[in-house]
Structures are given as C-alpha cells and as structure tokens.
Amino acid sequence: MPTIISVHSFRGGTGKSNTTANLAATVATQGNRVGIIDTDIASPGVHVLFGFDEDRIKRSLNDYLWGRCEIKDAAYDVSNVLPETATENSAIYLVPSSIRSGEIARVLREGYDVSLLNEGFGELIDDLDLDYLFIDTHPGLNEETLLSITISDILVLILRPDAQDFQGTAVTVEVARKLEVPQMFLMVNKALSIMDFGALKQKVEETYNVPVAGILPLTEEMIQLGSQGLFCMKYPDHPLSQVILNIAKQVMIG
Amino acid sequence: MNPEKSPQLPKKKNLSDPPGFSTVDLLTLPEEERRIVQWMMRQSMIGHSEVTAMEVAAHIGEEEEIAHTRLESLVEQGLLQKLNETEERYKLRHGRKQKRRPRSGKIWQALEQ
C-alpha cells in the first residue's frame, strides 16, 4: 500500500504549499512515483510552484468533484521539474484545485460529496501507480482536513516560531492523536537565523511530545524565488534543501 | 488496488439527501465505533466500500455479534447504511459537505458568472 502524507498547518502563511511541493519533489527525486493533490479548494496555491496559472489548468480537482471527469484526467505530469539526477522511475504528478473564482464560489456555495474525495485519493494512487501521495490541505480544521488526517499514514504539521502557531498546533496534535494517525512529524518553518535551532527543537518536542523532523530557516533566496519554482530543485546544495532532504528521508522510512 | 473499479464518472448526490456521515463525527464517536468508521473509510478508498460484520469483527478483533451490534448502532445514528442482500453488508452513508449560507444570493451569483 502506498504512503499517504498530509501536510497541514493550523494557520495560513506557514509555507505549507511550498513545503509540500519541495518535499514531494525531493521524494520523487529519490526514485519514487509521487502525486500531489491540492485539497485547499478555497485558496489553492501549490500549482503556482509548478508554473501553472488559470489558463494552463484545463482540468482540476473541482471538475472531478462535479463529476465532469475522472480524477486521473485532472492529474498533470510535472516531472519536468525534477533534476537530471532523478532516476528513471522518478515521476511527479499534480492535481490542482481550480483558481477560477466561479469554481471556488460554486464549491463554497453548493458543497460537494466528500466521499468522492476519499475515493479519488485511492483511484489516483491506483491509476498513476503512486508510491507516495501528498495532500496539501486547507489551514485549520475542516471536513477535508479531517478526512486527510484520517486516511493518512503520515501527518506533517508545519508551524512557525510564533505563539499563535503554537496554540493552533496543539489543537491539531490533539485531533491527530484522537484519530490515531500512525506517524506524526512537526516541522518548524521560517525560523530566524539568530535562534538556537537545537533549543527550539527541544522546546517544541517537549511541548507536543511529537518529533520535529526539521527546522527550516527563513532565507532570502526563498523569498526572492517568490513561489516561482521549486527551491530544492533550483538550489539542491542550499542548507534549506538539505533540511528538506532529511525530512524526506524520515518520511520515506515512515 | 481496485480491479473492479467502475468506469462511470462519479455521481453527485441530491442536495435534499439527509445529512449522513461527516468526518467531523469522528471527533465525537466512541472509540470503538470511530475505529470501525475509519477502517471503512480506508476500505472505501481502495474500492471496498461495503463490508460485513464478519470482516469488521476480524478487523477489530471481537466476536461477530459485537461487531454487528456496533454496526447497527452506527446505522441507527445515520452514519452507515445497511444493504439488504443475502448477507448483510454495510456502507458509509456520506453526507454532503455543509454548504455555506450567504447573506445575499447576489454575491454568489456575481462570483459564479
């Protein structure tokens, strides 16, 4: 059975989509077939990192949820983002959510059959023969998030070194424990270089009793890139990419 | 993973369908019942959406009679539906994601144009 990984944060702006895309691409580079599905229907964004805009997204998760296509028809092969060092088996696919305001409004207004999302995950894994499926979730707790957490093998929770994030993460950790997620990791993002990363890791792990898979520093290069590409593919030797690689290894061990 | 998958496109539920199961219910169900529902969600994901009391009993490591009682309790709560066949089978009764109630329909109409 392939591994399903939900990447979540209680609050927005933590770098969730950026992390999902970079982590997924790093796992793919290691010789895996990887899928990313953007379930953040209300505020989709991960497609931007793969160079997609409104015109390039012909089919989306929304089309599947409305019965207009099968989920595999909304999946784009984005393996072109992978470096030459990737193996023959390496592949990465993206199922974006629609960025059209009318489509977003329709989902918010009319709702959709959540069981389709559940079945869609399985069909996507099956149709694309995936080793890993990454689910980019909507921040906070809602029905899609609970579904993703429930069916995931691994939950990666992202937080910033910020009191609001700390409180919100506590709520999510409590819910994930209640739902008995098999494996949970925390990832601290946007940590300032003046911080003592070792002490921060220890504090976070003691607070939640959950392992910290990595601490990502706030970097100027990442901000400069501005979501126009995958940082880890562009700067593979950067310390931040090395942290992501380390997290990817932990995810692959499961 | 799912050799008997239907080639048909997914069908939308009618908006007037009764509420049914919501993932939010997982947070309030007793542990034993929650585990059954979670397992059924995973089974559904791999194309095995209907289960028997015997299969549930094997999963939870209890007698079939106990599994049957728990399944019936979930049916009573409206979270599962029982399919009347020779052998009783149970299926998640998914509800539609809660739609939001806008103050003015005009806002939504404008957005959907």
Side-chain angles (χ1 to χ4, degrees), chain A residues 1-2 4 41-42 63-73 100-130 133 141-153 171 174-176 178-182, chain B residues 1-15 17 19-32 34-35 37-49 79-81 91-102 104-113:
Chain A
M1 180 73 185
I4 300 176
I41 298 168
D63 290 302
Y64 165 71
L65 293 173
W66 290 115
R68 296 181 195 133
C69 69
E70 292 194 56
I71 195 153
K72 67 177 179 193
D73 299 326
R100 293 176 196 276
S101 59
E103 291 286 315
I104 296 171
R106 185 177 174 191
V107 164
L108 295 179
R109 182 183 188 182
E110 296 182 26
Y112 61 88
D113 184 350
V114 177
S115 65
L116 285 177
L117 200 54
N118 191 28
E119 289 161 14
F121 293 151
E123 286 171 19
L124 195 68
I125 288 169
D126 218 26
D127 290 334
L128 302 179
D129 194 20
L130 299 178
L133 176 64
L141 292 175
N142 62 19
E143 199 152 352
E144 294 92 339
T145 302
L146 288 173
L147 170 66
S148 305
I149 292 175
T150 302
I151 52 96
S152 286
D153 302 290
V171 174
E174 191 185 332
V175 168
K178 191 172 176 64
L179 297 177
E180 297 176 297
V181 178
Chain B
M1 197 161 78
N2 180 11
E4 295 174 2
K5 198 166 46 197
S6 164
Q8 290 177 336
L9 294 180
K11 287 175 186 166
K12 286 189 288 173
K13 282 187 178 171
N14 192 303
L15 287 174
D17 283 351
F21 165 71
S22 154
T23 46
V24 180
D25 294 321
L26 292 170
L27 299 177
T28 53
L29 280 174
E31 189 176 320
E32 298 79 10
R34 174 179 54 74
R35 282 186 176 152
V37 173
Q38 280 188 263
W39 178 71
M40 287 181 71
M41 285 172 73
R42 276 197 158 258
Q43 292 298 300
S44 169
M45 208 175 71
I46 57 170
H48 186 58
S49 58
L79 307 182
L80 300 187
Q81 61 182 106
K91 188 179 180 180
L92 282 173
R93 189 163 161 270
H94 280 283
R96 198 173 181 82
K97 182 177 157 56
Q98 185 71 41
K99 59 179 179 178
R100 299 184 184 184
R101 298 188 183 282
S104 167
K106 286 179 184 172
I107 297 171
W108 295 102
Q109 279 170 16
L111 284 170
E112 287 189 14
Q113 280 167 3

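Letters A, B, ... are given to chains in the order of the sequence lines, protein chains preceding strands, and every chain is numbered from 1.
- Heavy atoms closer than 4.5 Å to chain B are found in the side chain of Ile4(A), but not in its backbone.
- Between Leu92(B) and Met40(B), the shortest heavy-atom contact is N-CE, 3.9 Å.
- When Glu31(B), Glu32(B), Gln38(B) are each tested for a side chain to side chain donor-acceptor pair (under 3.5 Å) with Arg34(B), only one passes: Gln38(B).
- In terms of heavy-atom pairs under 4.5 angstrom with chain B, the leader among Ile149(A), Val175(A), Asp153(A) is Asp153(A).
- For Ser148(A), no part lies near chain B; criterion is any non-hydrogen pair under 4.5 Å.
- Side-chain atoms of Asn142(A) and Thr145(A) include a donor-acceptor pair closer than 3.5 Å.
- Judged purely by atom type and a 3.5 angstrom limit, Asn118(A) has no side-chain atom pairing as donor or acceptor with the backbone of Leu147(A).
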